[in-house]
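Single-structure report; data block below.
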Amino acid sequence: MKKIKPPVEPFRIKTVERIKITSRKEREEILKRAGFNVFNIPAEKVFIDLLTDSGTSAMSDNQWAGLMVGDESYAGAKNFFHLQETVRNIFCFKHVIPTHQGRAAERILFETLLKKGDSVPSNIHFDTTRANIEVRGAQAVDLVIDEAYDPDSEHPFKGNMDVDKLKKFIEKKGRERIPLVMLTITNNSGGGQPVSVKNIKEVSQVCKKYRIPLFFDACRFAENAYFVKKRENGYEKRSVLEIAQEIFSYGQGATMSAKKDALVNIGGFVALDDDLLAEKLKNQLIISEGFPTYGGLAGRDLEAIARGLEEVLEEDYLEYRINQVAYLARLLDEAGIPIFKPVGGHAVYLLADRFLPHIPRHQYPGWALTVALYREAGIRAVEIGGVMFAKKDRKTGREVFPKLELVRLAIPRRVYTSAHLDYVAEAIIGIYKNRDKIRGLRIVRESPYLRHFTAQLEEI
Ligand SMILES: *Cc1c(COP(=O)(O)O)cnc(C)c1O
């Protein structure tokens, strides 16, 4: 087999954090104690942690240096003005309101805008976005194109919204019950798939026609802009900064979790143009997050976010980032491992039902694969399948399973080297060869909401 070349890291390593591999016997014990739930495993007992790309980025020396110039004044800290200037330059929205993370940005926005019975269409809402909408008695509606649910379709922009579905939905529901439309870039819950500028433009035209504001869930805006540069006609020669600016020019605001494309471990913000709405959001912010120039963060955090937003648009970084994820996907694909295609921006998704065809859905093949990954190799991944998303039928009590049974291998930014990814690929290929030995599981204890975080299971 031809050797697949890994991307070269556009940085060198100045500080290291030790990671230790445990023995298989130790991991057997740890799994039992954790109720076969990888969320219950102490992080120190994980060798390669691919649970999430959120808040797990490595900061640069420039960001760490920024922490030392944190201005911890209660009001008007200089780092706020640096953040405001940076966000205005990239997002081109007038008001910048910091929050402690993305879901806090969502909460102040929806608490202000939504009434019971309202609807908010998106391509696919992220879980916290959906929860913050539903808790207001409103409806979170997913209107992504059909290709998004087909793991074999090579559509280059599987995060696109279906514009016809959007028009029909607005006509049916009435514009006065739709306070905003959202677009998640990249589309996290749909595999980190990008949205094209063409699609964003079309969605914005529909919104304009019905006078509904368009907001972006912008957590991975830089990765989205990079995909546009690589895949969309007419954008090859534009800088990712220019592409990001164009994308945001079609909307009226954005919510952001800085734990993704701002390359920090905590933080978020809302950015928007509307003066009156900004005033209302700031009033909400003061109740729970803090004064509008710090929003639940320290001055040093604001500085790290500002610097991270500048670094994330460096094109050598983005090229390495996207190619690192693609590199792991190629190693797996060429070995015949079933994965979701094309690969998205922040993670590789294994198709667990094809990986483990001998395990029926009600014995949770995705979950079984996360257990096998930890047991055999000390790797932590997350199931996005039956345990996370099955709904109980009210009448029969039987579980109704989501379309896809996935295991996500999320790649933290600037954290693991290509050698680590080689290790991950080899481990998965080894597990695939012995997949017949993997057993399904049953749930012995669960909670009514978000059961995957706390469920206790046993192997069958
Ligand atoms: C992570 C994420 C959020 C929520 O952000 P937090 O910082 O975790 O609160 C919202 N939307 C998307 C698309 C995300 O990936």
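All ligand and atom numbering here is 1-based and tracks the order in the structure. Because only heavy atoms are used, hydrogens play no part in the values below, and waters and symmetry mates are left out as well, while side chains stay in. For the single chain, residues carry numbers from 1 onward in sequence order.
The distance criterion of under 3.5 Å between nitrogen or oxygen atoms is met by Ser257 with respect to ligand 1. At least one N or O atom of Gly102 sits closer than 3.5 Å to an N or O atom of ligand 1. The shortest N or O to N or O distance between Thr186 and ligand 1 is not below 3.5 Å. In terms of polar-atom proximity, defined here as any N/O pair under 3.5 Å, Ser54 makes no such contact with ligand 1.
Closest heavy-atom approach to atom 4 (C) of ligand 1 among the candidates Thr128, Asp217, Ile185, Ile266: Thr128.
Atom numbering of ligand 1 starts at 1 in the shown order; those under 4.0 Å from a heavy atom of Lys259 are 7 (O). Close contacts of ligand 1 with Glu106, meaning ligand atoms under 4.0 Å from a residue heavy atom, involve 10 (C), 11 (N). Atoms of ligand 1 found under 4.0 Å from any heavy atom of Thr184, numbered from 1 in the order shown, are 13 (C).
Here the two rings, on Phe11 and Tyr317, have centers that are 6.0 Å apart or farther. In this structure, the ring of Phe47 has its center less than 6.0 angstrom from the ring center of Tyr423.
Taking CD1 from Ile305 and CZ from Phe269, the interatomic distance works out to 7.5 Å, rounded to the nearest 0.5 Å. Between atom OG1 of residue Thr370 and atom CG of residue Leu50 there is a gap of 12.0 Å, rounded to the nearest 0.5 Å.
Between Phe91 and the choices Phe215, Tyr250, Phe248, the ring pair (Phe, Tyr, Trp, His ring centres under 6.0 Å) rule is met once, by Phe248.
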Checking His452 against Glu383 for the side-chain hydrogen bond (donor to acceptor under 3.5 Å, both in side chains) test, could you report, in this order, the C-alpha distance in whole Å, the side-chain angles of both residues, the deciding distance, and whether it holds? CA-CA 9 Å; His452 56 284; Glu383 183 249 44; over 6 Å; no

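Between the side chain of Arg300 and the backbone N or O of Met68, no donor-acceptor pair lies under 3.5 Å.
Remark: distances from the non-hydrogen atoms of Gly268 to ligand 1 are all 4.0 Å or more.
Contacts of Arg103 with ligand 1, taken as heavy-atom pairs under 4.0 Å, involve both backbone and side chain.
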